[in-house]
Amino acid sequence: PQTPHRSEAVWMQVLCWLLCLGLTEALAALPKEQVARHAIKLYRSKAPAQGHSWVTNNCKRLVGLLRQKNVAINKLAVAAAAVGKDQSLSEPEKHFQVHTLEVFQKELNESEHLVFQAVHGLQRALQGDYRDVVNVKESSRQRLEALREAAIKEEQEYMELVAAEKHQQEALKSALAQNKTLSILEEILEDVRKAADRLEEEIEEHAFDNNKQMKGVNVEAVLRVEEDEKKGGKTKNKSTQKEVEDDLGLSMLIDSQNNQYVLTKPRDSTMPRADHHFIKDLVSVVMLSLPCGWICTLLGLPPMFGYIICGVLLGPSGFNSIKSIVQVETLGELGVFFTLFVVGLEFSPERLRKVWKTSVQGSCYLSLLMVAAGLLWGQLLNIRPTQTVFVSSCLSLSSTPLVSRFLAGGSRVEREAGDLDYSSVLLGMLVMQDVQLGLFIAVMPTLIQAQSGDLDNFLFGGLRVLKLLAQVLVSLAAVLLLCLVLRSFLIGPYYKKLHAESKGNKEILVLGMTAFVFFMLTVTEFLDVSMELGCFLAGALLSSQGHMVTAEVMGCIEPIRDFLAIIFFASIGLHVFPTFVLYELTILLVLTLTLVIMKFAMAVLVLSTILPPSSRHIRWIVSAGLAQVSEFSFVLGSRARRAGIISREVYLLVLSVTTLSLLLAPLLWRITTHKWVPRPERKTVT
């Protein structure tokens, strides 16, 4: 018997809220007190007696709060005016008190605004259809935006209160300074304090206030995890705000998408800070790389496999002990730069002139064949053309650091045969593929437009691709012209000056060579060609100065290259997921073997066409070096996944196939070089 009364009471409460919500339409024209009274009047005329007390109490409470708020606002305005007229207060103290009253007024107005904003949100929710997911999602998005705006305003009010507290402390110090005579030391400290305040005002960028209104800036909720240095653990909150401000450690921010962020630039730049997570990650990588590389060497495998295994063990699929993954990968990129610089040192301009035509033609033909094969497979498997073009372009690239490690073990005599040696052709094609990498990244927006299916955008994108090709050709011409000028006028005197200054101290020589590498890297990156090409050309320019120069520079740079290469190969292991490989082992092995065989066959076909007859026997070795996938497919795949060009499943397949191809590459290289590498003829001396 009580069920009808309960349901009736519930419906009466809902009806009452609807009546109150209906009143919000008149908020712009009527005072909020009249709105509440009108709600009571409507309820008394329509509602039954059961919910009368509930509505009356809540509406009266709302009216009372609004009255108290208006009274408080008036009193605060009167108090602010009285403070402004008070002659006994100093200017800093007046500013502090008026500022505090204004902040309190904003707090009251904002609280009232949030009440009626919640009423509007409830009205939208009641008017919507709970079965319409899009409508519910839009309502949730609007509430989230309102909460974000409220959080920003609350943060601003808090910072204003902190500033007001600071003004109050300054006013008290000024009053105390007027009442007593300062000593010489106190005067010096007072001057230092004022200079420190001016310094903080000068170096503070106000990045939050300057960027929050910019287009594309989103406000998100994040968790701030503080490092508890005393106990060695993590705590969610500090006991006081003072402890947070005085903490010299680095806090970590975690957003709703589980992305983790570390501090890059602190507000107070006068205090030194260090990223202890990054230091611990480097220590872990170096210490574990030693036994892993040692074991692989004992087993007859290249030590780079051990470094990759080290990354697997420390990465997300292993112990998950690497916290600064992005920082470790960034340091590993320097290993690629110095590896290509050493590759350039092994080149001479004469060798470069011999293979440049073959390198350009071979890399372009191989990429076109891979794209054509991808489109053919996509047509058979009903895959979108944009996805097949991107995946095939991504898989057409080969790993330069891996091949350079292969070539480091061979002797110079074994590499030379006929007009060309296979190392020059192979490295030349790999460098040109690094140039194509920059072009693929530039063409990616066009693939995104083609993904939408808009024909006009696609045609416009085709014209944009032609424009990009023209820009690449012009940039390459500018880079070659710069290299010619540097070789003719600057590189010789520059090295002689470094060599003269570095006698007894190799520090200047190492610094000078590194600065030259970074200069060429910056130039090629500015011209939108490829940073890797700039590093290679830097080495090639230095190799033009003779064998003595090359040997001296190689002795200084190789230890740096080796250390950074360890970090690079370990960073590759961070993206290897053994569990996924085991789940799909059969499919991944079939795809990897098919890809390796297809790239090997295509490379043999292309090289058979473009190589001179006296050097065609090296096509097997060069093809074996190209029959794997570059580590840069990780970068291209991640960008394509974020842009929506490829799906998550395709991205994981590309990631796994790339890893397996890198693991199979040494086996194919050993088999090929053992069978087809020309051996030097033994001459009998009588």
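If you're wondering where the values come from, they're calculated on a predicted model, not measured in any experiment. Only this structure's heavy atoms are used, side chains among them; waters, hydrogens and symmetry mates stay out. Residue numbers run from 1 in the order of the sequence given.
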Evaluate the ring planes of F569 and Y307, with Trp represented by its six-membered ring, and classify them as parallel (under 30°), tilted (30 to 60°) or perpendicular (over 60°). tilted
Identify the two heavy atoms, one from P303 and one from C296, that lie closest to each other, and give their separation to 0.1 Å. CA-CB, 4.4 Å
What closest approach, in Å, do S543 and G344 show between heavy atoms, and which atom pair accounts for it? OG-O, 3.7 Å
Looking only at heavy atoms, what is the nearest atom pair of L288 and C310, with distance? CB-SG, 3.7 Å
Scanning both residues in full, the closest heavy-atom pair of L527 with S475 reads O-OG, 2.8 Å
Decide side chain to side chain contact (heavy atoms under 4.5 Å, CB included) for F577 and L655; before the verdict, give the C-alpha distance in whole Å, the side-chain angles of both, and the deciding distance to 0.1 Å. CA-CA 9 Å; F577 303 98; L655 212 64; 3.6 Å; yes
Between the OG1 atom in T594 and the CG atom in L589, the distance rounded to the nearest 0.5 Å is 10.0 Å
Side-chain H-bond candidate by donor/acceptor type, S321 with S284, under 3.5 Å: no
What one should report as the nearest heavy-atom pair of S399 and L662 is CB-CD2, 3.9 Å
Taking every non-hydrogen atom, the tightest pair across L345 and M554: CB-CE, 4.0 Å
Would you please test S661 and K599 for side chain to side chain donor-acceptor pair (under 3.5 Å) and show each step? CA-CA 11 Å; S661 69; K599 289 193 70 174; over 6 Å; no
What's the verdict on side chain to side chain contact (heavy atoms under 4.5 Å, CB included) for T388 and W377, showing C-alpha distance, side-chain angles and the deciding distance? CA-CA 8 Å; T388 55; W377 281 102; over 6 Å; no
E507 atom CD, neighbour heavy-atom count above 12 within 6.0 Å: no
Side chain to side chain contact (heavy atoms under 4.5 Å, CB included) between D275 and S324: does it pass, once the steps are laid out? CA-CA 9 Å; D275 191 349; S324 304; 4.1 Å; yes
